[in-house]
Amino acid sequence: MAEPKENVLMEKIVSLCKRRGFIFQSSEIYGGINGFWDYGPLGAELKRNVKELWWNTMTRQRDDVVGLEATIIMHPQIWKASGHVDTFSDPMIDCKTCKGRFRADQTNEIPCPQKPSKMVSECHGEKTAPRAFNLMFQTYVGPVRDESAIAYLRPETAQAIFAQFKNVLETSRQKVPFGIAQTGKAFRNEVTPRNYTFRSREFEQMELEFFIKPDEVVEAICGKVATTAEAITGNIEHPTSNAEHRTGNPQPSTLNPQPNWGWEAWHKYWVEERIKFYEGIGLPRTTLEEYWQKPEELAHYARACVDILFKFPFGTQELEGIAARSDFDLSQHERFSGKPMGVFDEELRTAWVKLPKEKSDELWRRYYENRKKYLVKMGVAEEQASKDATEDANGLAKGQYIPHVIEPSAGVDRLILALITNAYSEVTGTDDKSRSETRVILKFHPRVAPVKAGVMPLLKNKPELVKKALEVRDRLRPWMNVFYDDAGSIGRRYARQDEAGTPFCMTIDFDTLGEKPELKDTVTVRFRDDGRQERLPIGELLGWLQARIR
Ligand code: GAP
């Protein structure tokens with residue numbers, strides 16, 4: 001039986017990634033290690049570009065987001081407070097016949113032992129009952145390997161942001177609403193890593209925790225919380241408009257943050273910002289979908305969560321999650337560390353005294369109820385929860401509250417796979433000897449392309465051409481990743497760059513040297529996607545390229 005087209009595409013991508021040095025199996029010479037992947041020369045550049053673009057967009061281009069670079073191993077109490085020690089697990093089962101170990105919710109297909117990118121049916125042997133398997137990698141800090149030395153490799157970068165919230169707030173002169181961004185490695189001992197790099201055991205995340213005022217605080221200050229319809233001057237389809245709970249391809253909208261925004265408007269805003277980011281690096285809206293989690297799918301503390309999905313060859317799957325996480329995380333760290341995580345807000349204090357009694361009572365009650373609900377859910381006894389919630393609600397009059405958070409959390413590796421999938425295209429033409437051949441072109445957006453420009457002398461054995469080409473390379477090199485290539489026919493060199501996803505090639509020929517005086521010191525710029533060529537003066541190349549890669 002012929003393989004489904006998607007699997008064929010996946011096989012081609014995996015083979016291209018290895019052949020061209022995008023992605024290698026980790027520890028390949030020893031047979032590899034399941035769920036771990038290395039990035040080769042082109043992959044490393046691609047990954048670096050993606051992370052840098054995310055960082056620039058999320059922090060440097062904004063006044064209201066700052067960065068953090070925290071350690072991978074942190075105090076184990078962090079993972080107690082976050083809930084990871086107790087609940088970050090997958091249901092695992094063993095097959096008594098084939099001795100395989102699987103996730104109970106994914107037993108119909110497993111990665112092929114010979115080709116992990118390919119899924120195969122699993123054996124029908126008798127299975128054990130599912131048991132919870134914690135996904136955190138455990139280690140020991142210091143020389144003694146006992147309970148007290150247990151630590152974990154972080155399963156997400158987010159928790160360090162919550163743990164350092166107060167330090168960042170105090171040193172950055174930010175005020176709520178503001179965000180803290182972090183990129184870095186995360187580790188999950190996935191029961192069944194699958195779909196190439198899609199579900200790995202070591203991967204990278206790019207996470208933002210954007211802290212906002214609770215709705216009661218916004219209402220006290222602004223009189224009213226803007227409805228999402230008021231906040232959004234655009235057109236986002238209603239999330240519940242189709243049975244699958246998918247909105248289909250996201251629609252563009254315009255959102256400008258306003259003081260009267262509550263969590264819903266901020267949440268929509270970040271969904272839209274993130275989709276714009278993906279568009280800006282070459283993933284069109286048509287390749288993405290929004291999935292609004294149903295109430296029963298949400299984590300108990302979350303008010304809403306939207307997954308941004310990408311149409312991977314193996315199915316439409318999550319690229320990023322954008323969750324409205326209430327004040328759960330900061331509250332947990334406050335309770336576990338005993339350190340206050342609340343903020344003081346002068347605007348709230350002044351507004352509160354001016355509120356009619358009826359209004360302040362109503363807001364007090366709502367805040368109290370939310371706090372109590374959270375505390376009871378966390379196992380605090382009813383009476384104690386009422387007492388603590390009263391204290392928290394009394395804080396409003398003093399301008400105090402625990403911020404809520406919106407969390408856009410993206411995976412670097414999944415994005416790399418999405419970019420490669422989206423860029424992958426084939427053209428069939430003829431080679432130097434007029435034989436039919438199919439070539440691969442990776443149509444990366446110039447912003448993410450690992451190599452921005454190929455620089456080539458027309459002929460390798462003409463020192464004047466080589467000298468000029470090296471001059472062009474050296475002129476561009478301080479500003480971007482360029483690749484000098486003088487080996488083989490010019491057609492072959494273009495083809496190699498097409499396969500690497502290089503958007504532009506600059507060829508230095510005899511006209512560059514002045515054979516046609518009017519073309520002296522110009523080069524041929526050849527475009528990857530359509531093979532079109534233009535002549536540009538060398539002096540203009542840098543500005544021309546920069547305008548296209550920024
Ligand atoms: N702090 C929230 C959080 O970590 P998540 O949905 O578990 O949420 C966020 O992870 C993103 O991290 C996912 O959307 C995905 O892109 C990436 N990710 C999660 N697990 C992964 C894995 N095993 N391999 C590769 N990427 C993963």
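In each ligand, atom 1 is the first atom listed, and ligand 1 is the first ligand listed.
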Looking only at distance, does [X] have an N or O less than 3.5 Å from an N or O of ligand 1?
X	value
E318	yes
S200	yes
R188	yes
L319	yes

Check each heavy atom of [X] against ligand 1 and say whether those closer than 4.0 Å belong to the side chain, the backbone, both or neither.
X	answer
R201	neither
S409	both
L415	neither
E320	backbone

**Message:** Nearest non-hydrogen contact with atom 1 (N) of ligand 1 belongs to which option: H84, E207, Q205?
**Reply:** E207
**Heavy-atom nearest option to atom 22 (C) of ligand 1, drawn from F203, F310, F88** = F203
**Prompt:** Using a distance-only test with no angle check, is there a side-chain donor-acceptor pair under 3.5 angstrom linking Y269 and R274?
**Reply:** no
**Message:** Tell me if the aromatic rings of F22 and Y39 count as close, with their centers under 6.0 Å from one another.
**Reply:** no
**Item:** Contacts of E156 that satisfy side chain to side chain donor-acceptor pair (under 3.5 Å) - sequence neighbours left out
**Value:** Q159
**Asked** Can you find a non-hydrogen atom of D413 under 4.0 Å from ligand 1?
**Response** no
